Novice: 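The structure under discussion is supplied below as structure tokens; questions concerning it will follow.
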Amino acid sequence: MTYNSAYEELQSILMELENDSIKIDDLPKKVKRAGELLRFCKEKLRNSEVEVMNLMNVE
Amino acid sequence: MESYSLFEVNEYIKRVLALNFAEALWIRCEIGQLNESGGHVFMDLVQKAEDSDEIIARCEAVIWKRSLRQLIKKHKLSLDKVLMEGNEIMFKAEIDFHERYGMKLNILDLDADFTIGKILVKRSEVIQRLQKEGILKKNASLDLGKVIQRVAVISSANAAGLQDYLKQIKDNPYQYQINNSLFIANVQGDRAASDIAKQLKKIKQFDFDCVIIIRGGGARLDLSAFDEYELGKEIANCPIPVITGIGHDVDETVADQVAHTDVKTPTAVADFIIHHNAYFESSIQQIGLDIKESAGLILRKAALDLQSQQQSIALSASRKRQNALNELLIREEHLKNSIRTFFLRKNADLEQKEMLLEAVDMQNTLARGYAIVTKDGNKIVSIEQLKAQDDLNIILKDGQFETIVKKISK
């Protein structure tokens with residue numbers, strides 16, 4: 001999974017939630033999935049930030 | 001007829017003369033011939049016609065040794081100048097008549113100034129004549145050239161003056177070699193002027209650097225030849241510079257004044273030539289030094305220029321590098337800022353999504369009939385956080401209410 005694909009999926013889940021277009025039964029699964037995606041993105045972002053910062057400082 | 005002996009006649013003449021010429025007279029005339037013998041001076045005096053060389057009067061004269069000594073004491077050096085063949089003189093003399101030796105003028109005193117005056121007048125007349133002809137300064141205005149190497153020497157054959165000149169040249173301290181060509185001529189007496197003029201005519205056909213006329217070391221300074229018009233004219237018209245070294249104490253003859261250069265003695269002529277060449281040599285050496293110095297200056301200046309160029313280049317290069325480096329640093333800062341901003345935005349975005357998700361999650365839970373318990377604004381998820389009588393806030397899907405803890409049990 002890439003950051004972009006995860007982010008896009010997260011984005012679409014959130015939009016569904018706002019639209020109220022999610023079925024109550026699907027809700028927990030969707031929310032859980034959103035949480036995973038969120039964690040994934042945050043992790044990826046943090047790692048990338050660290051790596052980039054290191055690259056900049058080594059220069 | 002009456003006759004007398006020669007002795008009687010002469011004796012009578014003697015008495016008549018003695019009677020009529022009791023006192024000495026001042027007489028003017030010209031010296032025809034002159035010799036010295038036994039310490040006395042014997043002269044043949046003449047008077048020439050006004051406008052020709054025809055002799056109209058003649059007489060013998062003598063300066064006895066004793067009188068001569070007195071004259072020398074009185075006139076010193078001038079005497080030599082006066083007692084020359086060809087000079088006009090004025091003297092005081094007694095008329096002596098001797099039976100045996102005939103008539104002689106016994107010279108007792110001289111007016112030296114008369115003679116010298118005449119010489120000077122004649123000289124100045126010749127000078128003026130040459131000046132009027134426009135040739136007085138002609139030889140003097142010739143260029144002597146930078147170096148004198150080929151010299152035409154006019155001198156009498158065995159003169160001491162010639163030896164002096166040659167020795168001085170040979171012994172010169174710079175070891176210059178001078179090429180001397182000898183042209184023999186009388187340098188005194190009545191043939192001198194024409195002899196020298198004749199040699200000058202011969203010399204000017206050749207390519208000499210200069211002509212020198214030298215004489216010296218003589219007992220008498222007979223310079224009369226050098227006051228002649230013909231000789232002066234020949235020297236003036238000579239196409240080669242003429243240097244005279246004919247020996248004199250004060251006065252300059254016509255020849256001296258007309259020549260390019262006049263010096264006192266033959267030795268002085270040699271010195272003049274040597275110094276002329278030495279001056280040239282030293283000026284060449286000076287030019288050499290000047291060239292060396294100028295070249296040195298030019299080189300040093302070029303070296304300094306080069307050095308400053310080098311410094312300019314180094315400075316420019318380092319400035320360029322510095323500028324490039326600064327540019328890079330600025331770019332780096334921009335990049336870092338952009339990255340920071342990027343991550344801040346992304347994090348903020350995710351945080352916002354997290355909050356949204358939390359909110360939805362909470363709503364969902366409440367909709368299913370669950371309640372959220374808070375105490376002092378904090379969410380309660382365990383009985384450990386509670387004690388009896390705590391004030392609690394209960395949130396339900398459509399609102400909230402307050403309650404108090406009654407009893408806690410596991």
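Below, each value reflects all heavy atoms present in this structure, side chains not excepted, and no hydrogens, waters or symmetry copies. Keep in mind the model is a prediction, meaning the values are calculated, not measured. Letters A, B, ... mirror the listed sequences (proteins, then strands); counts begin at 1.
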Novice: For B:K204, does the NZ atom have more than 12 heavy-atom neighbours from other residues, nucleotides or ligands under 6.0 Å away?
Specialist: yes

Novice: Are more than 12 heavy atoms from other residues, nucleotides or ligands located less than 6.0 Å from atom NZ of B:K336?
Specialist: yes

Novice: Which answer fits B:Q363, side chain, backbone, both or neither, if we ask what part of it has an atom under 4.5 Å from a heavy atom of chain A?
Specialist: neither

Novice: When rounded to the nearest 0.5 angstrom, what is the spacing between CZ in A:R46 and CZ in B:F343?
Specialist: 11.0 Å

Novice: Let's go through B:K353 and A:Q11 carefully: what are the C-alpha distance in whole Å and the side-chain angles of both, what is the deciding distance for side chain to side chain contact (heavy atoms under 4.5 Å, CB included) to 0.1 Å, and is it a yes or a no?
Specialist: CA-CA 8 Å; B:K353 286 191 169 32; A:Q11 193 105 305; 2.8 Å; yes

Novice: To check you understand the geometry: which heavy-atom pair defines the closest contact between A:G35 and B:L357, and what is its length?
Specialist: N-CD2, 3.5 Å

Novice: Taking the six-membered ring of A:Y3 as reference, does the NZ or CZ atom of B:K346 fall below 6.0 Å from its centre and within a 45° cone about the axis?
Specialist: no

Novice: Contact part of B:D349 toward chain A, heavy-atom cut-off under 4.5 Å: side chain, backbone, both or neither?
Specialist: side chain

Novice: Checking heavy atoms, do the side chain of A:L14, its backbone, both or neither come under 4.5 Å from chain B?
Specialist: side chain

Novice: Would you mind checking if B:E354 and A:K42 are paired as a salt bridge, meaning a charged N to carboxylate O distance below 4.0 Å?
Specialist: yes

